[in-house]
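Step one of this worksheet: look at the structure below.
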Amino acid sequence: MDKPTIPKGTRDFGPAQMAKRQFIFDNIRKVFQKYGFQPLETPAMENLSTLTGKYGEEGDQLLFKVLNSGDYLKDVDSSKLETKNSKLLTSEISEKGLRYDLTVPFARYVVMNRGEITFPFKRYQIQPVWRADRPQKGRYREFYQCDADVVGTDSLICEAEIVLMIKEVFKSLGIKDFTIKINHRAILSGLAELTGSQNESSLFVAVDKLDKIGEGKVKEELRTRGFEGKGIDSVFAILNFKGSTQQKIDFLRSKFSNSEKGKKGIADFEEVLSLLQSYGATEQHVEFDISLARGLSYYTGCIFEVKINNVAIGSVSGGGRYDNLTGVFGLPDVSGVGISFGVDRLYDAMEELSLFPKEAQATSTVMIAHFDDATLRYSLHIANQLRESGIATEVYPDVTKLKKQLDYANKKEIPFVIVIGLDEMKDGMLTLKNMEKGEQEKLILKDIGLKLAVGS
RNA sequence: GUGGAUGUAGUUCAGUUGGUUAGAAUGCUAGAUUGUGAUUCUGGAGGUCGCGGGUUCGAGCCCCGUCAUUCACCCCA
């Protein structure tokens with residue numbers, strides 16, 4: 001029998017990891033709720049027809065597909081089997097797939113429940129998603145996303161509040177050095193117009209790699225994709241412009257005098273900045289990045305991406321506005337905007353930066369050690385009273401040497417141990433040991449309760 | 001889908017031009033300490049060297065295959 005394993009790109013999370021992950025989830029959830037978002041869960045599986053075609057051709061290949069139940073080959077036309085064409089066969093033997101992100105299932109939900117939903121609808125969703133690509137650093141086949149989206153309004157207040165939420169989430173997690181990159185798809189469209197090419201998406205994909213592969217390679221890629229030298233030069237004249245946000249805006253405005261799209265993008269972006277000011281927020285952490293494109297093709301307005309500085313991991317959060325997402329499900333003209341936090345990458349980054357606070361390593365506050373059946377039995381009602389005061393308490397369940405019990409408490413990083421022997425049982429003065437300092441004192445239960453309640 | 005790297009104790013790794021019985025640290029366990037952990041000292045358990053084949057008198061080491069892990073590309077959060 002081989003040792004058991006788990007599938008590539010998946011992970012188990014032990015108690016220590018879970019405590020830290022919960023810390024991240026809890027903080028994100030609190031922020032989402034504070035901004036008026038309500039929870040939603042959707043199934044792990046969606047109909048394949050819901051998922052395919054939403055993420056581009058590459059995305060379709062990364063979908064995990066679920067085989068039909070029962071004898072799934074029985075009714076397949078044998079001539080189709082003979083072709084060995086897996087794409088052709090997929091639709092015959094699989095009609096369900098694991099969700100690839102949370103936005104598309106959300107759009108599906110909105111369309112299905114349009115009658116009951118009050119718009120604007122603000123929902124958050126914290127669930128795993130699956131992608132069948134090859135795992136590497138910061139990339140998993142199963143990972144959690146924390147999404148907050150608003151649909152049914154095109155108010156730029158939503159964009160501004162997304163920026164505020166990002167700031168709050170990072171503040172609560174203790175991450176100080178991060179950058180919120182913002183751009184607007186219409187600005188990119190304006191850029192595309194300058195090249196005179198119709199091939200917008202190729203331009204976006206190439207430009208998005210700018211900070212990763214550099215100007216030379218981006219130009220090379222654009223050339224091989226059929227962009228003209230003059231157009232490329234005009235794009236880079238803009239991309240290479242250095243200056244403050246306001247200077248960038250002014251510069252772009254001069255370039256976009258003939259571009260309706262470009263002008264619209266700039267106006268939106270300026271409005272978001274102005275709204276942030278009205279909230280009393282600063283532009284700290286916010287960067288106008290004209291090269292930011294983001295891959296998902298459904299974005300149409302402002303786009304966001306958050307990077308933690310000085311950590312070699314991809315972006316930990318991203319989002320944007322999409323005007324047409326519900327359109328593919330038959331509900332046009334519903335605009336939405338959303339943000340997604342990648343918990344797994346946040347975890348990796350925070351671990352690398354040693355940012356998890358002590359509280360995130362949740363364990364019992366106190367353990368009760370004892371010597372024999374009588375003291376063990378006596379310790380049970382002590383435990384009960386401590387728990388009634390809201391103190392996380394555990395009793396060492398076996399009668400064994402004190403050394404072993406303390407060893408256990410030490411390994412679990414339980415900060416306090418109450419030692420109960422015959423003496424303690426007689427006079428009610430319990431021995432409270434502080435495991436960190438190694439000190440101990442004798443106290444009555446009530447005082448121990450007070451002390452631990454304050455400490456925890 | 002493409003390319004590189006790595007597979008030796010529970011874990012992290014060492015292992016000489018191929019040479020006899022494969023090591024260390026850490027962890028685990030028992031004791032020094034019959035009411036005190038994380039530090040100290042002593043003992044013990046723990047390995048089909050990923051798997052299959054080949055070369056050789058002899059393979060952890062060389063060759064071929066295979067599987068797994070991992071990094072990068074493509075792509076993407």
Whole-Å distance between [N] [atom2] and [X] [atom1]?
X	N	atom1	atom2	value
A/K442	B/G35	NZ	C1'	10 Å
A/Y299	B/C76	OH	C1'	11 Å
A/Q405	B/G35	CD	C1'	10 Å
A/L422	B/U34	CG	C1'	14 Å
A/Y408	B/G37	OH	C1'	14 Å
A/I418	B/G35	CD1	C1'	16 Å
A/F64	B/C76	CZ	P	18 Å
A/Y55	B/C74	OH	P	23 Å

**Request:** Side-chain contact test, heavy atoms from C-beta onward, threshold under 4.5 Å: evaluate it for A/L292 versus A/I290 and give yes or no.
**Result:**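 Of all side-chain heavy-atom pairs linking A/I290 with A/L292, none is under 4.5 Å.
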**Message:** As a check on the pairing definition, encode RNA chain B in dot-bracket form, counting Watson-Crick and G-U wobble pairs whose two distances are under 3.5 Å, and using | for partners outside this strand.
**Reply:** (((((((..((((.....[...)))).(((((.......))))).....(((((..]....))))))))))))....
**Message:** As an exercise, state the distance from CG of A/L98 to CG of A/L62, rounded to the nearest 0.5 Å.
**Reply:**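 So the gap between those two atoms works out to 13.0 Å.
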**Message:** Need to verify one output field. Residue with the more 5' nearest nucleotide on RNA chain B, A/G59 or A/Q440?
**Reply:**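 Closest to the 5' end, via its nearest nucleotide, is A/Q440.
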State which residues pass salt bridge (Lys or Arg N to Asp or Glu O under 4.0 Å) with [X]; sequence neighbours excluded, sorted by chain then number.
X	value
A/D60	none
A/D133	A/R139
A/K34	A/E168
A/K261	A/E200

Rounding to the closest angstrom, what is the interatomic distance between [N] and [M] at atom [atom1]?
N	M	atom1	result
B/U21	B/C49	P	14 Å
B/G23	B/C57	P	27 Å
B/G43	B/U33	C1'	16 Å
B/U66	B/C74	C1'	26 Å
B/A32	B/G37	P	12 Å
B/U20	B/G60	P	10 Å

Under-4.0 Å salt bridge between [X] and [Y]:
X	Y	value
A/R377	A/D373	no
A/R321	A/E159	yes
A/K404	A/D407	no

Pairs under 3.5 angstrom only: tabulate donor-acceptor contacts from the side chains of residues 11-20 of chain A to other protein residues two or more places apart or in another chain.
{"unit_1": "A/R11", "atom_1": "NH1", "unit_2": "A/D344", "atom_2": "OD2", "d": "3.4"}
{"unit_1": "A/R11", "atom_1": "NH2", "unit_2": "A/E142", "atom_2": "O", "d": "3.3"}
{"unit_1": "A/R11", "atom_1": "NH2", "unit_2": "A/D344", "atom_2": "OD2", "d": "2.5"}
{"unit_1": "A/Q17", "atom_1": "OE1", "unit_2": "A/G14", "atom_2": "N", "d": "2.9"}
{"unit_1": "A/K20", "atom_1": "NZ", "unit_2": "A/E351", "atom_2": "OE1", "d": "3.4"}
{"unit_1": "A/K20", "atom_1": "NZ", "unit_2": "A/E351", "atom_2": "OE2", "d": "3.2"}

**Message:** List the residues meeting ring pair (Phe, Tyr, Trp, His ring centres under 6.0 Å) with A/Y378, not counting sequence neighbours, and say none if there are none.
**Reply:**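 Checked A/Y378 against ring pair (Phe, Tyr, Trp, His ring centres under 6.0 Å); matches are A/H381.
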**Message:** For a quick check, tell me whether the side chain of A/E413 and the base of B/G37 share a donor-acceptor pair closer than 3.5 Å.
**Reply:**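 No such pair is found, so the answer is no.
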**Message:** Base of B/U36, side chain of A/K433 - is there a donor-acceptor contact under 3.5 Å?
**Reply:**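 Such a pair exists between side chain and base.
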**Prompt:** Does NZ or CZ of A/R131 fall inside the cone over A/F64's six-membered ring, less than 6.0 Å from its centre and within 45° of the axis?
**Reply:**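 That pair does not qualify as a cation-pi contact.
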**Item:** Within 45° cone and under 6.0 Å: A/R123 NZ/CZ vs A/F37 ring
**Value:**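 No, a cation-pi geometry is absent between A/R123 and A/F37.
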**A/T400 and A/Q405: side chain donor to acceptor below 3.5 Å** =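 Not at all, the side chains of A/T400 and A/Q405 share no donor-acceptor pair under 3.5 Å.
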**Message:** Applying a 4.0 Å non-hydrogen cut-off, can you work out what A/E439 is touching in the nucleic acid: base, sugar-phosphate, or nothing?
**Reply:**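 Touches nothing.
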**Message:** What's A/Q61 touching, base or sugar-phosphate or nothing? Going by heavy atoms closer than 4.0 Å.
**Reply:**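 A/Q61: no heavy atom of the nucleic acid under 4.0 Å.
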**Message:** Quick check for you: among B/U36, B/C76, B/G35, whose closest atom lies nearest to any side-chain atom of A/D423?
**Reply:**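 Selected nucleotide (nearest to the side chain): B/G35.
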**Request:** Locate the shortest heavy-atom distance separating A/F288 from A/I182; write the atom from each residue and the value.
**Result:**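 Here A/F288 and A/I182 meet closest at CD1-O, 3.4 Å.
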**Prompt:** Among residues 136-147 of chain A, which contact RNA chain B at a heavy-atom distance under 4.0 Å?
**Reply:**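 By residue number: A/Q136, A/K137, A/R139, A/Q145.
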Do any side-chain atoms of residues 435-447 of chain A form donor-acceptor pairs under 3.5 angstrom with protein atoms, and if so which ones, sequence neighbours left out?
{"unit_1": "A/E441", "atom_1": "OE2", "unit_2": "A/K451", "atom_2": "NZ", "d": "2.4"}

Give each protein N/O atom lying under 3.5 Å from an N/O atom of nucleotides 66-69 of chain B, with the pair distance.
{"unit_1": "B/U69", "atom_1": "OP2", "unit_2": "A/K8", "atom_2": "NZ", "d": "3.3"}

**Message:** Please identify which of these residues, A/I418, A/L452, A/L386, meets the side chain to side chain contact (heavy atoms under 4.5 Å, CB included) condition with A/T393.
**Reply:**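 Between A/T393 and the candidates, side chain to side chain contact (heavy atoms under 4.5 Å, CB included) is satisfied uniquely by A/L386.
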Could I get a table of every N or O pair under 3.5 Å where one atom is in the protein and the other is in nucleotides 25-30 of chain B?
{"unit_1": "B/C28", "atom_1": "OP1", "unit_2": "A/K411", "atom_2": "NZ", "d": "2.7"}

Using nucleotides 1-6 of chain B, report all nitrogen or oxygen pairs with the protein that are shorter than 3.5 Å.
{"unit_1": "B/U2", "atom_1": "O4", "unit_2": "A/R134", "atom_2": "NH1", "d": "2.8"}

**Prompt:** So A/H370 and A/Y396, would you call those rings parallel, tilted or perpendicular, with 30° and 60° as cut-offs?
**Reply:**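 If you compare the ring of A/H370 with that of A/Y396, the planes turn out tilted.
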